[in-house]
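The structure displayed is predicted, hence computed values, not measured ones.
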Amino acid sequence: IISSFPLCQPIHLSTSKDMKREVIKKPTYTNHNGFRMPFGFPTHNFANALSYKPQRNDVFISTYPKCGTTLTQHMAYLLLNDGIPIQPDERLDQMFPHIEEVGGDYVS
């Protein structure tokens with residue numbers, strides 16, 4: 001999901017007099033009931049998702065961060081739709097919502 005939340009704050013590094021000062025963005029987090037969450041993440045939706053009761057026909061995609069989530073979503077879409085590719089007017093984030101971000105009520 002593309003987000004406009006400010007998830008990073010800049011930090012400044014200086015290595016030597018001759019080198020330019022380099023700015024690296026460091027993610028910021030908040031602690032929500034023991035869960036480390038990106039700053040700006042909707043914690044009320046996360047809490048709502050924890051109480052979600054899965055249905056028999058639910059499909060969950062769980063991948064390690066930055067290790068092919070979108071590719072896995074595309075493959076699942078193709079398997080569920082007889083190999084017909086996603087249409088230009090369709091969006092993966094609506095077909096495979098991140099329950100921890102949108103809440104359990106969104107997917108019910």
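- L92 and I61 fall within a single hydrophobic cluster, where Ile, Leu, Val, Met, Phe, Trp and Tyr side chains are chained together by heavy-atom contacts under 4.5 Å.
- Listed by first then second residue, pairs satisfying side-chain hydrogen bond (donor to acceptor under 3.5 Å, both in side chains) with a partner in residues 58-71 read Y52-D58, T63-T69, not counting sequence neighbours.
- Residues V102 and F60 are members of one and the same hydrophobic cluster, defined by side-chain heavy-atom contacts under 4.5 angstrom among Ile, Leu, Val, Met, Phe, Trp and Tyr.
- Rounding to the nearest 0.5 Å gives a distance of 11.0 Å between CG of L50 and CG of N45.
- For the pair D93/H98, no side-chain contact is recorded, criterion being any heavy-atom separation below 4.5 Å from C-beta on.
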Notebook entry, point to check: Between Q55 and V107, does a side-chain contact (heavy atoms from CB on, under 4.5 Å) hold up when you go through it step by step?
Noted result: CA-CA 10 Å; Q55 307 300 310; V107 297; over 6 Å; no
Next item on the list: Decide yes or no on side-chain contact (heavy atoms from CB on, under 4.5 Å) for T43 and M37, but give the supporting numbers first.
Entry: CA-CA 8 Å; T43 56; M37 300 176 62; 4.0 Å; yes
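- Looking at M95 and I86, their side chains come closer than 4.5 Å, going by heavy atoms from C-beta outward.
- Remark: the backbone N or O of G104 is paired with a side-chain donor or acceptor of N48 at under 3.5 angstrom.
- With rounding to the nearest 0.5 angstrom, the CD atom of E101 is 10.5 Å from the OH atom of Y106.
- Screening residues 74-87 for side-chain hydrogen bond (donor to acceptor under 3.5 Å, both in side chains) gives Y77-E90 as the qualifying pairs, with residues at least two apart or on separate chains.
- Taking the six-membered ring where the residue is Trp, the centroids of F35 and F46 are separated by under 6.0 Å.
- Shortest non-hydrogen contact noted between T30 and P38 is CG2-O, 4.2 Å.
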